[in-house]
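Every chain is numbered from 1, with letters handed out A, B, ... down the list of sequences. Since the structure is predicted, the reported quantities are computational estimates derived from the model, not experimental observations.
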Amino acid sequence: MSDERNAGLPKGYEPEQVEARRRAAWEAANIFTPNLQEDAGNGAFSIVIPPPNVTGNLHMGHALNLTLQDIICRRQRQLGKQVLWVPGEDHAGIATQNVVERRLKEEGLTRRDLGREAFIERVWKWKGEYGDNIRRQIKAMGASVDWSRERFTLDEGLSRAVRRVFVQLYNEGLIYKGLYIVNWCCRCHTALADDEVDYTARKTGLWLIRYPLEDGSGFLTVATTRPETMLGDTALAVHPDDERYKALIGKKARLPLVNRLLPIIADPYVDREFGTGALKVTPAHDHNDWRLGQKHNLEFISVIDEDGKIGSQGGVYAGLSLEAARSRIEADLAELGLLEEKRPYENNVGRCYRCSSVIEPLMSVQWFVAVKSLAAKAREAMPDQTRIFPSSWLKTYYNWLDNIRDWCISRQIWWGHRIPAWTCADCGELVVREESPEACPKCGGSALTRDPDVLDTWFSSALWPFSTLGWPDETPELARFYPTSVLVTGFDILFFWVARMMMMGLHFMDEVPFRHCYIHALVRDAQGKKMSKSTGNVIDPLVMIDKYGTDSLRFTLAAFAAMGRDIRLSEERIEGYRHFMNKIWNAARFALMHLDTVPAPLPEKVTGLHHRWILYRLEELKKLQSQALDEYRFNDAAGALYKFIWNEFCDWYLELIKNDMWADEKPANAPGEAVSGSPAQSKALAQSVLYTVLRESLILLHPFIPFISSEIWDAMPGREQENDLALSLFPPRRAVSDLAEDAGNMETVQGVISAVRTIRAELNISPALRLSVLIRPVDPKTQALLEERGRDIISLARLERLDLDPEAQAPAASASAVVQGNEIIVSLKGAVDFAAENARLDKEMAKLEKEYTGLVAKLSNPSYLEKGRPEIVERDKTRRLELDDARVKLQALKEKFAAAGAQ
RNA sequence: GGGUGGUUAGCUCAGUUGGUGGAGCAUCGGCCUUACAAGCCGGGGGCCACAGGUUCAAGUCCUGUACCACCCACCA
């Protein structure tokens with residue numbers, strides 16, 4: 001009772017101190033590093049972290065991602081599995097290079113000023129500074145990763161894996177070099193993969209341009225959103241069935257400004273409804289036109305260069321920016337009378353996903369992975385070898401793999417895995433090797449030049465599940481932990497990453513990279529908008545951790561992680577769950593006040609309704625939580641914990657055991673002892689149950705809120721005999737069959753207490769006033785029950801007197817309620833508010849009446865009685881009897897009360 | 001154009017074999033009741049988007065409509 005006895009726990013929960021202490025303890029104990037010399041126990045369980053960008057800062061998406069993985073990992077440890085969670089970072093080629101280049105720009109330098117070597121050195125230096133930043137943030141979240149196995153996509157081991165994969169795919173003919181139209185970012189000066197291009201709507205315009213027919217018989221007018229690319233036109237196209245243009249097919253037209261003759265071709269790709277139904281074809285600067293060019297054997301003329309300017313083949317327009325060229329061309333066409341019209345038009349423009357610059361489709365020599373065969377295997381492996389949660393993503397996954405095009409993997413940047421390919425200056429031989437070749441294998445020449453390009457970042461990420469475990473070496477990690485158990489990630493990288501890991505895993509390991517793939521939500525702001533720095537709606541997890549503590553943030557994220565739905569996060573929610581942390585904290589303080597030492601173990605058969613009830617509820621929680629977590633229903637598990645801890649353990653159980661703990665201060669007029677035996681015995685029993693429930697609750701809470709649960713765990717008596725909470729096993733289940741009935745009885749007692757409280761509140765009776773209550777029990781069994789729990793009713797309903805007598809008459813001035821057939825009569829003595837009680841009874845009666853009539857109607861439906869599920873019909877019949885009984889009793893009480901009021 | 005998800009209390013969201021709806025916050029009333037005012041007790045508030053259908057019975061299953069969000073494709 002005294003403050004000294006729980007001096008270890010301050011009155012309010014103070015997360016920052018607790019968390020620092022816990023982190024240090026976990027790190028010192030090294031408990032998240034599995035020992036591969038040992039047996040795997042109940043099995044091996046592994047997760048590889050989705051590697052955050054080295055340059056990045058932790059955002060809410062990471063916080064969610066880490067929280068869910070940590071819940072999974074900590075729970076698997078509780079199940080006795082040997083768990084490996086591999087942390088690491090991604091070098092994030094373009095993104096990182098951009099950041100460093102921006103830095104350089106502030107110094108007035110470009111990467112070319114430094115040169116390749118010096119620039120890369122510069123990026124490594126940057127990585128050294130900021131890699132530690134992300135590491136600290138992962139630690140801040142409480143992630144139970146194995147830091148001894150941390151990996152970085154550019155470290156030596158992973159680079160070796162990348163080279164091995166590249167060379168093997170090349171030798172298998174699955175990597176090739178070719179001329180292709182690519183998405184070119186003129187700012188980053190690199191090609192981008194199809195899915196690295198974001199499309200945004202932009203008001204451009206639609207130009208209708210006349211192309212004079214060769215025979216002088218008129219014009220063919222085409223519609224385009226990009227007049228400047230006309231310099232590279234090599235054909236015009238119409239739909240083969242278009243009556244308007246049928247006669248023109250096969251003829252030629254003259255390209256204005258350039259005077260090249262263009263064939264007029266027919267292709268069903270052309271949409272007759274759009275524009276004029278005629279299309280200009282620019283194979284070198286448009287993806288669709290590229291396909292047309294291939295199909296119809298057209299000329300490919302590049303007119304835009306890598307800087308996004310009109311190139312040397314652009315004639316008089318050469319050197320102009322695209323915007324300038326567009327205006328000039330527009331003006332020139334107008335002057336020639338060839339610009340028929342310019343309409344306002346909104347168009348989707350491709351932009352670089354990293355720097356948002358407009359993407360130009362350009363022809364360029366690039367490296368590609370032929371993905372068709374890889375994709376087929378990846379498709380086949382789901383859902384049998386890898387299950388995806390929620391399964392609705394399966395369709396999206398299939399759809400993407402079915403329409404996949406070859407993957408452009410070369411990037412014209414410097415930060416990344418340099419392509420292991422050399423060209424012989426003497427004979428032109430292309431040499432692809434894992435290590436630098438000494439000499440050309442064909443001609444023996446030593447003038448070998450390495451390909452300047454680096455690989456797409458996702459190329460190395462695709463190998464992550466096995467490269468981090470030591471591949472291509474045959475390591476014990478690989479043997480024990482591959483395939484990994486589950487991948488936890490956001491759907492935004494389903495294609496970038498998940499599908500490609502599937503491809504590479506299956507190809508190189510002959511086995512899927514993960515058994516389960518849990519796709520979690522995107523964290524949005526309270527309005528449902530994607531959080532982004534530019535919008536300024538970012539909720540910074542580190543700020544939240546600072547204000548409310550990591551556990552509050554983690555619990556909030558878990559509670560909102562309903563499968564298949566985005567999370568709308570607001571600070572208020574986090575604040576709300578901070579209150580929950582404080583509640584847990586104070587409940588523990590209370591419990592520890594009464595637990596100086598480890599109490600006796602639970603007896604074989606626990607007596608006492610409240611004890612049996614809470615034990616029953618605890619078992620129900622275990623069951624519910626396990627089921628929920630097995631199915632990745634984090635929100636259900638979190639919700640069940642919240643409800644149990646707050647509404648059952650705190651609101652009822654802790655209140656009820658106060659009577660046991662202070663049994664010697666027996667309230668007046670208790671009609672019976674709660675538990676057989678002396679006050680000392682009932683206190684001892686209460687201590688045993690309390691200790692057990694608290695101890696096991698902490699284990700159940702731990703995966704969600706590791707900091708506070710560990711802190712309380714360490715304050716428990718007998719801590720020396722226990723493991724660290726992070727290593728404690730999930731408590732075994734107890735038989736509940738004989739507890740269920742008492743759990744129901746407890747609800748009767750709770751109902752009685754609530755009924756008195758409601759009367760008190762609605763009649764505005766001060767809580768300080770102890771009431772006198774008469775109960776007319778519905779039957780002898782219930783009378784015995786209420787008599788046994790009389791002490792509880794008296795204390796929780798704040799009574800001075802409780803009488804139980806089926807025959808007793810209600811005092812004239814009294815308020816009343818009916819709970820499961822038991823008539824609760826509260827004596828009002830002097831100050832009776834007749835109007836208030838009348839209104840209350842009317843309301844209550846109306847409620848009963850409504851439910852009763854509904855039920856009667858339902859039960860008088862013959863088809864329901866005939867076809868309804870028997871147990872439901874039976875339940876309804878019982879309920880009807882109950883309701884009928886309640887209305888009769890309440891009616892009688894009301895009449896009596898009215899009579900008293902009339903006097 | 002194709003696809004997915006959503007529409008439930010003032011707000012944000014749960015709702016798992018179909019059996020007349022829940023939580024948190026907000027709100028109203030009463031309480032510093034000896035773990036917690038970051039708390040306790042109690043109340044009010046919902047034709048579950050709309051229209052049909054299946055069923056004894058629909059928030060829940062089916063069809064359609066409207067609106068919102070996102071993903072893929074990129075009709076120049």
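- At a threshold of 4.0 angstrom between heavy atoms, the contacts of A:Glu655 include nucleobase atoms, whether or not backbone atoms are also involved.
- The base of B:G42 lies outside donor-acceptor range of the side chain of A:Arg757, with no N or O pair under 3.5 Å.
- Across all strands, A:Arg405 comes closer than 4.0 Å only to sugar-phosphate atoms, never to a base (heavy-atom distances).
- Nucleotides B:A49 and B:G6 have their P atoms positioned 12 Å apart, rounded to a whole Å.
- When heavy atoms are screened at a 4.0 angstrom cut-off, A:Asp651 is found touching the sugar-phosphate backbone but no base atom.
- Heavy atoms of A:Tyr397 sit nowhere under 4.0 angstrom from any nucleic acid atom.
- Rounded to a whole angstrom, the distance from the P atom of B:C32 to that of B:C48 is 42 Å.
- Counting any heavy atom pair closer than 4.0 Å across all strands shown, A:Lys395 reaches sugar-phosphate atoms only and no base atom.
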Which pairs, protein N/O on one side and nucleotides 20-31 of chain B N/O on the other, fall under 3.5 Å?
{"from": "B:U20", "atom 1": "OP2", "to": "A:Arg875", "atom 2": "NH2", "distance (Å)": "3.3"}

- Pairing annotation in dot-bracket form, given for RNA chain B with Watson-Crick or G-U pairs under 3.5 Å and | for cross-strand partners: (((((((..((((.....[..)))).(((((.......))))).....(((((..]....))))))))))))....
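- If you check every strand for non-hydrogen atoms under 4.0 Å, A:Arg578 touches a base.
- The side-chain hydrogen bond (donor to acceptor under 3.5 Å, both in side chains) search around A:Asp242 returns A:Arg244, not counting sequence neighbours.
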